[in-house]
Amino acid sequence: MNKKSLVSIIIPTYNRAHLIGETLDSIMAQTYQNWECIVVDDGSTDHTDEVLRQYCQKDTRIRCHHRPDEHLPGGNGARNYGLSLIKGNYIIFFDSDDLMTKDHV
């Protein structure tokens with residue numbers, strides 16, 4: 001992989017306010033820095049949206065979106081919507097309760 005290649009990380013999430021911060025911290029700690037992270041909220045009813053807003057302000061490589069109604073509910077619909085938003089040359093699908101090792105990307 002070229003050091004200039006943009007890696008797109010797509011994360012669907014639902015009611016993960018208690019976990020998503022740790023996941024995003026692990027992504028922000030990557031040794032490879034040319035990445036974007038697209039988080040697609042699938043209709044959370046907890047305060048996931050607030051946590052995501054804080055991370056979007058902290059790091060502009062993180063972008064948060066809500067799954068639109070034209071995409072089916074659930075992780076696959078959120079992932080497919082995320083695919084329509086990426087700009088990267090490579091794609092990593094990741095879950096909102098997972099952690100990346102620092103050299104995962």
Side-chain angles (χ1 to χ4, degrees):
M1 174 170 48
N2 180 323
K3 288 193 184 266
K4 295 181 181 183
S5 295
L6 180 64
V7 176
S8 297
I9 304 164
I10 300 173
I11 303 175
T13 191
Y14 178 77
N15 286 347
R16 295 294 190 166
H18 62 294
L19 295 172
I20 191 74
E22 196 174 0
T23 298
L24 294 174
D25 286 340
S26 75
I27 292 170
M28 290 167 49
Q30 291 300 294
T31 55
Y32 187 83
Q33 294 291 305
N34 196 21
W35 53 262
E36 65 174 351
C37 181
I38 310 296
V39 183
V40 180
D41 190 340
D42 194 33
S44 295
T45 56
D46 64 358
H47 60 280
T48 297
D49 196 43
E50 297 169 32
V51 175
L52 293 176
R53 245 182 276 134
Q54 292 172 3
Y55 275 88
C56 288
Q57 290 174 351
K58 199 186 297 189
D59 193 323
T60 58
R61 296 174 294 178
I62 300 172
R63 299 193 334 252
C64 304
H65 301 272
H66 291 95
R67 179 195 46 77
D69 290 338
E70 57 267 14
H71 287 271
L72 293 173
N76 288 338
R79 282 182 198 91
N80 286 337
Y81 179 58
L83 276 172
S84 72
L85 303 171
I86 65 168
K87 299 175 184 167
N89 307 89
Y90 299 95
I91 301 167
I92 296 174
F93 291 109
F94 211 63
D95 290 327
S96 58
D97 61 351
D98 289 341
L99 300 176
M100 284 190 177
T101 58
K102 66 179 182 170
D103 58 353
H104 183 92
V105 176

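Just the heavy atoms: all of them, side chains too, but no hydrogens, waters or symmetry mates, feed the values below. Since the model is a prediction, treat every value here as computed from it, not as a measurement.
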Nearest heavy-atom approach of E36 to G88 is OE2-N, 3.4 Å
* **Ionic contact status for R79 with D95, cut-off 4.0 Å** => yes
Margin query: Would the distance check show the side chain of Q30 and the main-chain N or O of T101 forming a donor-acceptor pair, the cut-off being under 3.5 Å?
Written below: yes
CG (D41) and OG1 (T48) are apart, to the nearest 0.5 Å, by 6.0 Å
In terms of heavy-atom contacts, Y14 and D42 come closest through CD1-O, 3.6 Å
Close side-chain approach of I38 and L83, heavy atoms under 4.5 Å: no
When I27, I92, V7, D59 are each screened for side chain to side chain contact (heavy atoms under 4.5 Å, CB included) with C37, the one that passes is I27
With side chains defined as the heavy atoms from C-beta onward, is the minimum distance between Y55 and R61 less than 4.5 Å? no
Shortest non-hydrogen pair, M100 vs V105, comes out as SD-CG2, 4.1 Å
Of all heavy-atom pairs linking H18 and N15, the shortest is CE1-O, 3.7 Å
Ignoring hydrogens and angles, state whether a donor on the side chain of D49 or H66 is under 3.5 Å from an acceptor on the partner side chain.
yes
Q.
What I'd like to find out is whether the side chain of V39 reaches to under 4.5 Å of the side chain of F94, using heavy atoms alone.
A. no
Looking only at heavy atoms, the pair that brings T23 and S96 closest together is OG1-O, 2.9 Å
For L85 and R63, the nearest pair of non-hydrogen atoms, with its separation, is O-NH2, 2.9 Å
query = Side chains of I10 and Y81: does their closest heavy-atom pair fall under 4.5 Å?
reply = no
P73 side chain reached by R67 side chain, heavy atoms, under 4.5 Å: yes
